[in-house]
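Written below as structure tokens is the structure these notes are about.
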Amino acid sequence: MKQRLLIVEPSEVIIEGLKAILEGQIRFKVLEPELDVKRLDERIVASRPDILLINPTLVDDVASLRGEHPMAVVALVYQYVERDVLKAYDAVAEIRDSRAVIIETLAQVSPGETESSKGNYELTKRETAVLVQLAQGKTNKEIADALSVSVHTVISHRKNITHKTGIKSVAGLTVYAMLNNLIDESSLL
């Protein structure tokens, strides 16, 4: 089932760019965007989005946006915003992010993806170690040698990681590792 996405942004240029990025995605149904926050409470109740992608400069209290409606709230950032402000959001999408990163960010916070298919499990320390090695481009054999385990064990950990995160591709897992501060970009070079 497609996740209903509501974009709240005053710039029509940015809205059209986001719609172009998300057009044709099987994961999301982009609802009619909201240019103003004055009617936002009514829109949320009426359209019941799964994900709210909003410019963080438009609201002071993210918790009040959710009300009684469970949804993920993602900050759309294209100017400086205090880190403490961004902590209130489920995720941050930067305007300079690539199409793949924006889509992956939205997919990771999607209630349907995170709660039901992933079961809201956390990765174990060993799974995290395998994920970091995988994100650095190592093969199953190289990971097994580095962690002193069998290749079969590495494959089992990879299956668990895929089950828990809901992400199947190595590229997606690399983005996941970066977004969760497990690795930094310099370690990928």
Membership question, hydrophobic clusters at under 4.5 Å side-chain separation (ILVMFWY): are V175 and V130 in the same one?
no
Has K2 got more than 12 heavy atoms of other residues, nucleotides or ligands less than 6.0 Å from its NZ?
yes
On a heavy-atom basis, the closest approach of V74 and Y89 is C-CD2, 3.9 Å
Indicate if V73 and L31 have the same hydrophobic cluster label, given that clusters are the connected sets of ILVMFWY residues with side-chain heavy-atom separations under 4.5 angstrom.
yes
Which pair of non-hydrogen atoms, one from F28 and one from I103, has the smallest distance, and what is that distance?
CZ-O, 4.0 Å
Heavy-atom side-chain contact between R39 and E34 under 4.5 Å
yes
I'd like to know if the side chain of R4 reaches the main chain of S47, judged simply by a donor and an acceptor atom lying under 3.5 Å from each other, with no hydrogens or angles considered.
yes
Answer yes or no: is there a side-chain heavy-atom contact under 4.5 Å between D97 and E94?
yes
Using modelled atom types only, decide if a donor and an acceptor are shared between the side chain of T153 and the backbone of V149 within a distance under 3.5 Å.
no
G172 versus S169, closest heavy-atom pair with distance:
N-OG, 2.9 Å
From CA spacing to verdict: side-chain contact (heavy atoms from CB on, under 4.5 Å), L18, L76
CA-CA 10 Å; L18 287 167; L76 175 63; 3.6 Å; yes
Of all heavy-atom pairs linking P49 and L6, the shortest is CB-CB, 3.9 Å
Does the side chain of L58 reach to within under 4.5 Å of the side chain of L40, using non-hydrogen atoms?
no
So how far is it from T162 OG1 to I167 CD1, rounded to the nearest 0.5 Å?
8.5 Å
Got a donor-acceptor contact below 3.5 angstrom from the R99 side chain to the L22 backbone?
no
Given the rule that I, L, V, M, F, W and Y join up when any side-chain heavy atoms are under 4.5 Å apart, are M178 and I143 in one cluster?
yes
The test is side-chain contact (heavy atoms from CB on, under 4.5 Å); show your working for L123 and Y176 and say whether it passes.
CA-CA 12 Å; L123 298 178; Y176 175 88; 4.0 Å; yes
Least distance between heavy atoms, A135 atom then I183 atom:
CB-CD1, 3.5 Å
Out of curiosity, I21 CD1 to I102 CD1, how far, rounded to the nearest 0.5 Å?
4.0 Å
Tell me whether L182 shares a hydrophobic cluster with L147, the cluster being built from Ile, Leu, Val, Met, Phe, Trp, Tyr side chains joined at under 4.5 Å.
yes
Gap separating the CG atom of N140 from the CD atom of Q133, nearest 0.5 angstrom:
11.0 Å
From H157 atom NE2 to K159 atom NZ, the distance as rounded to the nearest 0.5 Å:
12.5 Å
If we only count heavy atoms from C-beta on, is the K19 to P33 side-chain gap below 4.5 Å?
yes
Can you name the closest pair of heavy atoms from P56 and L86 and give their distance?
CG-CD2, 4.3 Å
Using modelled atom types only, decide if a donor and an acceptor are shared between the side chain of E127 and the backbone of T124 within a distance under 3.5 Å.
yes
Around atom CG of D61, are there more than 12 heavy atoms of other residues, nucleotides or ligands at under 6.0 Å?
yes
With sequence neighbours excluded, residues passing side chain to side chain donor-acceptor pair (under 3.5 Å) with E9
N55, Y78
Calculate, to the nearest 0.5 Å, the distance between atoms CZ and CG belonging to R43 and L52 respectively.
10.0 Å
Is a donor on one side and an acceptor on the other found under 3.5 Å between the side chain of E142 and the backbone of T139?
yes
Residues, nucleotides or ligands: over 12 heavy atoms within 6.0 Å of E12 CD
no
Taking transitive links into account, so neighbours of neighbours count too, which hydrophobic residues share a cluster with I155 at under 4.5 Å side-chain distance?
V151
Taking V101 as the starting point, is it possible to reach L173 by hopping between hydrophobic residues whose side chains are less than 4.5 Å apart?
no
Beyond-backbone contact of M71 with D50, side-chain heavy atoms, under 4.5 angstrom
no
Among K87, E82, R83, find the residue that satisfies the side-chain contact (heavy atoms from CB on, under 4.5 Å) test when tested with V85.
E82
Which value, rounded to the nearest 0.5 Å, describes the distance between Q136 atom CD and L134 atom CG?
9.5 Å
Applying side-chain contact (heavy atoms from CB on, under 4.5 Å) to V170 and T174, what does each step give before you reach the verdict?
CA-CA 6 Å; V170 173; T174 302; 4.1 Å; yes
Are any non-hydrogen side-chain atoms of I95 and I14 less than 4.5 angstrom apart?
yes
